[in-house]
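It should be emphasised that the depicted structure is a prediction, and the values quoted were computed from it without experimental measurement. Values below: every heavy atom of this structure, side chains too, minus hydrogens, waters and symmetry copies.
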Amino acid sequence: MNNLLDLFSYLGSGIGILYFSLIYVLAIIFVLPASWLSLVAGFLYGPFFGTLIVFISAFMGASFSFLLSKKLFFLRVQNIINNFEKLSILEKIIKKGGLKLIILTRLSPIFPFSLLNYFYGLNKVSYKNFSISLLFILPGSYLYTSLGSFAGSLNEIRDLKTNNNI
C-alpha cells in the first residue's frame with residue numbers, strides 16, 4: 001500500500017502529470033478503457049485540473065489514433081467499402097450526418113471513445129470536424145473527474161489498513 005501511495009504522490013508532481021498524460025494517451029491509442037484513469041485524475045488533481053489533463057491527453061490520443069487510421073488504413077478500407085453496398089451506405093450516412101452525427105456519438109456513452117477515433121479515421125471525416133467533436137467529451141470528462149475527486153484520501157485507506165491489520 002505504501003508503494004501505491006508513493007506512486008500517487010509522484011503522479012501529483014509536475015513530471016508525474018506528464019507521465020500520467022502519457023499513460024492516458026497510450027490507453028487511447030491501444031483501445032484500452034480510460035474511464036478509470038479519468039477517475040484517478042479527479043482523485044489526484046481535482047475536478048477542474050483533472051478535467052483539463054484528461055481532455056488534453058484524450059485529445060492527443062484521439063488525434064493520433066485518427067491520423068494513424070487515416071494514413072495507414074484508409075485506402076485499404078475504402079477499397080473494401082466500395083465492394084460492399086451496405087458499407088458504402090454507412091459511409092454515406094456518416095457523410096450526410098457530418099459534424100452533428102459525430103458530436104452525438106461523442107456525447108453518448110454507448111459508443112467506445114477509442115474505437116470511434118479509429119472509425120472516423122477510416123471514413124471521410126475531416127480532421128477539423130473530428131477535432132471540434134472532441135470538445136464534446138468535456139461533460140463526460142468532468143463527470144468522471146468529479147466522481148474521482150469525491151474519493152477519500154489514500155492516507156485514510158492506509159490508516160484503516162494499519163489499524164485493522166488487514
Listed pairs under 3.5 Å, donor-acceptor, residues 55-62 side chains, sequence neighbours left out:
| unit_1 | atom_1 | unit_2 | atom_2 | d |
| --- | --- | --- | --- | --- |
| Ser57 | OG | Ser21 | OG | 3.2 |
| Ser57 | OG | Ile53 | O | 2.8 |

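- Hydrophobic cluster of Tyr142: the remaining members, joined at side-chain heavy-atom separations below 4.5 Å, are Phe48, listed by chain and number.
- Rounded to the nearest 0.5 Å, atoms CD1 (Ile103) and CD1 (Ile137) are 12.5 Å apart.
- Residues satisfying the side-chain hydrogen bond (donor to acceptor under 3.5 Å, both in side chains) criterion with Tyr24, sequence neighbours excluded, are Ser38.
- Note that OH of Tyr144 and OG1 of Thr51 are 13.0 Å apart. Values are rounded to the nearest 0.5 Å.
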Verdict with reasoning, Phe20 to Leu37, per side chain to side chain contact (heavy atoms under 4.5 Å, CB included): CA-CA 9 Å; Phe20 181 86; Leu37 286 171; 4.0 Å; yes
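- Between Leu39 and Phe43, every side-chain heavy-atom pair lies at or beyond the 4.5 Å cut-off.
- Ser141 meets the side-chain hydrogen bond (donor to acceptor under 3.5 Å, both in side chains) test with no other residue; sequence neighbours excluded.
- Across every non-hydrogen atom of Lys70 and Lys124, the tightest pair is NZ-CA, 4.2 Å.
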List, one per line, each side-chain donor-acceptor pair under 3.5 Å for residues 109-122, sequence neighbours excluded.
| unit_1 | atom_1 | unit_2 | atom_2 | d |
| --- | --- | --- | --- | --- |
| Ser114 | OG | Ile28 | O | 3.4 |
| Asn117 | OD1 | Arg106 | NH1 | 3.2 |
| Asn117 | OD1 | Arg106 | NH2 | 2.8 |
| Asn117 | ND2 | Phe113 | O | 3.2 |
| Tyr118 | OH | Ile29 | O | 2.6 |
| Tyr120 | OH | Thr105 | OG1 | 2.6 |

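- The two atoms that bring Tyr127 and Ser63 nearest to each other are OH-OG, 2.8 Å, heavy atoms only.
- The line from CG of Leu143 to CG of Leu138 is 12.5 Å long, rounded to the nearest 0.5 Å.
- The two atoms that bring Ala41 and Thr145 nearest to each other are CB-CG2, 4.3 Å, heavy atoms only.
- By the criterion of side-chain heavy atoms lying less than 4.5 angstrom apart, applied directly or through intervening Ile, Leu, Val, Met, Phe, Trp or Tyr residues, Phe66 is grouped together with Leu135 in one hydrophobic cluster.
- For Lys128, the side-chain contact (heavy atoms from CB on, under 4.5 Å) criterion is met by Ser126, Ile132, not counting sequence neighbours.
- Distance CZ/Phe136 to CG/Leu99: 7.0 Å, rounded to 0.5 Å.
- Counting heavy atoms from C-beta on, the side chains of Val25 and Phe64 never come closer than 4.5 Å.
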